[in-house]
Amino acid sequence: MPLPEKIGSVKVAGAGYINFYLSKDILLKMVKNILESGNDFGQSKCSNPRKIQLEFVSANPTGPMNIVSARAAAVGSTLASALRACGNDVSTEFYLNDAGNQIRLLGESFAARIAQIEGKNAQIPEGGYFGEYLIEYAKEYLQSAISENPKEWIVHRITIEQQDTLKNFRTEFDMWFSEKEFRKSGKVEEVLERLKKSGQTYEKDGALWFAASRISPNVEDFVLIKSDGELAYGLVDIAYHANKFEERGFDVVYTILGPDHHGHSGRLDAAMEALGHSGKLKVLILQQVNLIEGGEKIKMSKRAGKLITMTELIDDVGTDAARYFFLTRKIEAHLDFDLDLARKTSDENPVYYIQYAYARIRSILEFAQNKGIDIEEIANSDISLLKEREEIELVRKMSKFPYIVKKTAQNLQPHIIPFYLLEFAKKFHNFYTKYRVVDENDKRISAARLALITAAAETIKNGLKICGISAPDKM
RNA sequence: GCAUCCUUAGCUCAACGGAUAGAGCGUCGGACUUCGAAUCCGCAGGUUGCAGGUUCGAAUCCUGCAGGAUGCGCCA
């Protein structure tokens, strides 16, 4: 039976399986495609591009960010890149909780610290913020001699700090959405009226409740308006999410929340349904992170003052290693972060294994150039000279990269790319050890192999880029 | 008590419901006069927590049980 030209061979593999292999020609064309695409290799067009919002981190501006925020930053920014690579219109957002009870407590705690430094007798309020960092900020505030209201100042100051930290962690947001400003918009009251009209609210103990349990039996009712007349967090958050769809027209919203918010997730879903947005919001619960050092869990407690902040973690292990480790787990799985392993700049640390493959290729290209080979010309080489098993395997692997990116975006699972890159690096090292790339006695095969490894470097670089990990030329 | 997540090799983890369940690390044994040894090759390591069910087919889906983590406020 004649085979279509795209199919190279067919083999019966046992267990009822028949394998069709892509022809070598098709595979080898991939190499040229990759070289032509360059930085765009891995991008694809989406059959139904959507306007997507991805909200993540959204840490309260009340103190230094913790390691769960770090994980959220790594995961969120990577998913955003992957979704963009698939042709979606993606907007990333940090919801700035700069209003409400916690901010009031922060302001009071900060004022108390200032008063203490000035020698006055002042107490940090019940449930306030006792962290030492407020003392440092208070000194800074007093020295700067600004007339700004201390509460406004501290919120702003901490927000700037968070923005810097996130930027250092290669996580940028298109939008920092202020809760305080949002509350002024009147949207909260409007949404409240609509919820009342939906008939799913009731009064009890002087508060206004939302009957979420009627919409979804597993969800408990919750308070919209507290008995003191204040807006509850739940209500503001519902209005905020309604705003995403109604004022800003997102088709889909992904909100990444910490494990302590899983109860909130069901409430939001129920409320979105009541407001006519069912199925458009997907809350992703990102599980917790345990830091492991010396084979043991580091117990962190605010009281004992043993808290490792996101900044400390980045300073300790570096952005590349930290991001890599945060990305290697499914989002719903708990992550044990092995500090000792992440610190190691040796072969045990997989992030270097991948980066090393890239650096090695850059080094070979430089070597070839020094030998007088014109790197620009390798795109015109005779790729069909590649026929060793390891060469074909490498091409086969790189041809899967766009699919890997797509799968990451579809499944909203960041770990797929780092795992792929690890396997890919393995295939490259494998090839490298067995075959010489630059062979002065055979210029034609050299050119073909240089084309091959250039395409490999492109694949690694683009993969690392999506993960927010650097691809160093030398290391 | 309720809710969410987890349980796969010694360790850390992969595996669109599909083939003989795969990687890294660790152990052991090998490979550098030539492009980077931060590398490669090989050996060993498994009743996928337990018990049922659905299916042509289950690590994967359903139920129950056991073990672990977390959350259950008119805080956010």
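This structure is a prediction, so every number in the text was calculated from the model and none was measured. A note on names: the letters A, B, ... follow the listed sequences, proteins ahead of strands, and every chain is numbered from 1.
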Can you check the [X] [atom1] to [N] [atom2] distance for me, whole Å?
| X | N | atom1 | atom2 | result |
| --- | --- | --- | --- | --- |
| A:Asp336 | B:rU8 | CG | P | 12 Å |
| A:Ile404 | B:rA14 | CD1 | P | 15 Å |
| A:Ile292 | B:rC11 | CD1 | C1' | 11 Å |
| A:Phe325 | B:rC25 | CZ | P | 12 Å |
| A:Tyr324 | B:rC13 | OH | P | 13 Å |
| A:Ile417 | B:rA23 | CD1 | C1' | 18 Å |
| A:Gln355 | B:rU39 | CD | P | 13 Å |
| A:Lys427 | B:rG22 | NZ | C1' | 12 Å |

Inset, instruction - Would you mind calling B:rC43 syn or anti? Take O4'-C1'-N9-C4 for purines or O4'-C1'-N1-C2 for pyrimidines, and syn is within 90° of 0. - result: anti
With a cut-off of less than 4.0 Å, is there a side-chain N or O of [X] near OP1 or OP2 of [N]?
| X | N | answer |
| --- | --- | --- |
| A:Lys434 | B:rC41 | no |
| A:Asn430 | B:rU39 | no |
| A:Lys400 | B:rC16 | no |
| A:Tyr353 | B:rC40 | yes |

Any donor-acceptor pair under 3.5 Å linking the side-chain atoms of [Y] with those of [X]?
| X | Y | result |
| --- | --- | --- |
| A:Glu93 | A:Gln53 | yes |
| A:Ser213 | A:Asp221 | yes |
| A:Tyr435 | A:Glu388 | yes |

Inset, instruction - Quick one: list whatever passes salt bridge (charged side-chain N to carboxylate O under 4.0 Å, His left out) with A:Lys204, sequence neighbours left out. - result: none
Legend entry - Face-on cation placement of A:Arg71 at A:Phe326 ring, 6.0 Å and 45° thresholds: no
Legend entry - Heavy-atom pair of closest approach, residues A:Ile238 and A:Ala271: CD1-CB, 3.4 Å
Legend entry - Crowding at NZ, A:Lys406 (>12 non-hydrogen neighbours, <6.0 Å): no
Which protein N or O atoms sit under 3.5 Å from an N or O of nucleotides 58-67 of chain B?
none

Interatomic distance at [atom1], [N] relative to [M], whole Å:
| N | M | atom1 | answer |
| --- | --- | --- | --- |
| B:rA59 | B:rA21 | C1' | 8 Å |
| B:rG1 | B:rU54 | P | 30 Å |
| B:rG67 | B:rG49 | C1' | 8 Å |
| B:rC16 | B:rA23 | P | 16 Å |
| B:rA51 | B:rC13 | C1' | 27 Å |
| B:rA14 | B:rU7 | P | 8 Å |
| B:rU4 | B:rU20 | C1' | 36 Å |
| B:rC61 | B:rG17 | P | 8 Å |

Legend entry - Check: A:Phe177 ring centroid to A:Phe182 ring centroid under 6.0 Å: yes
Legend entry - Ring center gap for A:Tyr202 and A:Phe210 short of 6.0 angstrom: no
By side-chain contact (heavy atoms from CB on, under 4.5 Å) - contacts of [X] (at least two apart):
| X | answer |
| --- | --- |
| A:Arg104 | A:Asn101, A:Glu108 |
| A:Thr309 | A:Pro64, A:Thr311, A:Glu312 |
| A:Thr433 | none |

Legend entry - Partners meeting ring-ring contact (aromatic ring centres under 6.0 Å, His included) with A:Phe401 (sequence neighbours left out): A:Phe41, A:Tyr420
Legend entry - Non-neighbouring partners of A:Phe173 that pass ring-ring contact (aromatic ring centres under 6.0 Å, His included), sequence neighbours left out: A:Phe56, A:Phe94, A:Trp176
Legend entry - Within residues 356-367 of chain A: residues closer than 4.0 Å to RNA chain B (heavy atoms): A:Tyr356, A:Ala359, A:Arg360, A:Ser363, A:Ile364, A:Phe367
Legend entry - Residues touching RNA chain B, which here means a heavy atom under 4.0 Å, drawn from residues 445-475 of chain A: A:Asp473, A:Lys474, A:Met475
Inset, instruction - Assign A:Tyr432 to base, sugar-phosphate, or nothing according to its heavy-atom contacts below 4.0 angstrom with the strands shown. - result: base
Legend entry - Sugar-phosphate, base or nothing in reach of A:Tyr435, heavy atoms under 4.0 Å: base
Inset, instruction - Run through A:Ile124, A:Leu134, A:Val155, A:Ile158 and flag the one making a side chain to side chain contact (heavy atoms under 4.5 Å, CB included) with A:Phe110. - result: A:Leu134
Inset, instruction - Map A:Tyr403 and A:Phe431 onto RNA chain B by nearest heavy atom, then report which one ends up closer to the 5' terminus. - result: A:Tyr403
Inset, instruction - Mind checking side chain to side chain donor-acceptor pair (under 3.5 Å) for A:Thr62 and listing every partner two or more places apart, or none if nothing turns up? - result: none
Inset, instruction - Taking the side chain as every heavy atom from C-beta outward, state whether A:Phe325 and A:Leu341 have any atom pair closer than 4.5 Å. - result: yes
Inset, instruction - Would you please enumerate the stems RNA chain B participates in, each stem being three or more consecutive Watson-Crick or G-U wobble pairs with both distances under 3.5 Å? - result: B:1-7 with B:66-72, B:10-13 with B:22-25, B:28-31 with B:39-42, B:49-53 with B:61-65
Legend entry - Parallel, tilted or perpendicular, as decided by the 30° and 60° cut-offs, for the rings of A:His264 and A:Tyr233: tilted
Legend entry - Nucleotide-resolved protein contact map, nucleotides 69-76 of chain B, B/S/- at heavy-atom distance under 4.0 Å: BSS--BBB
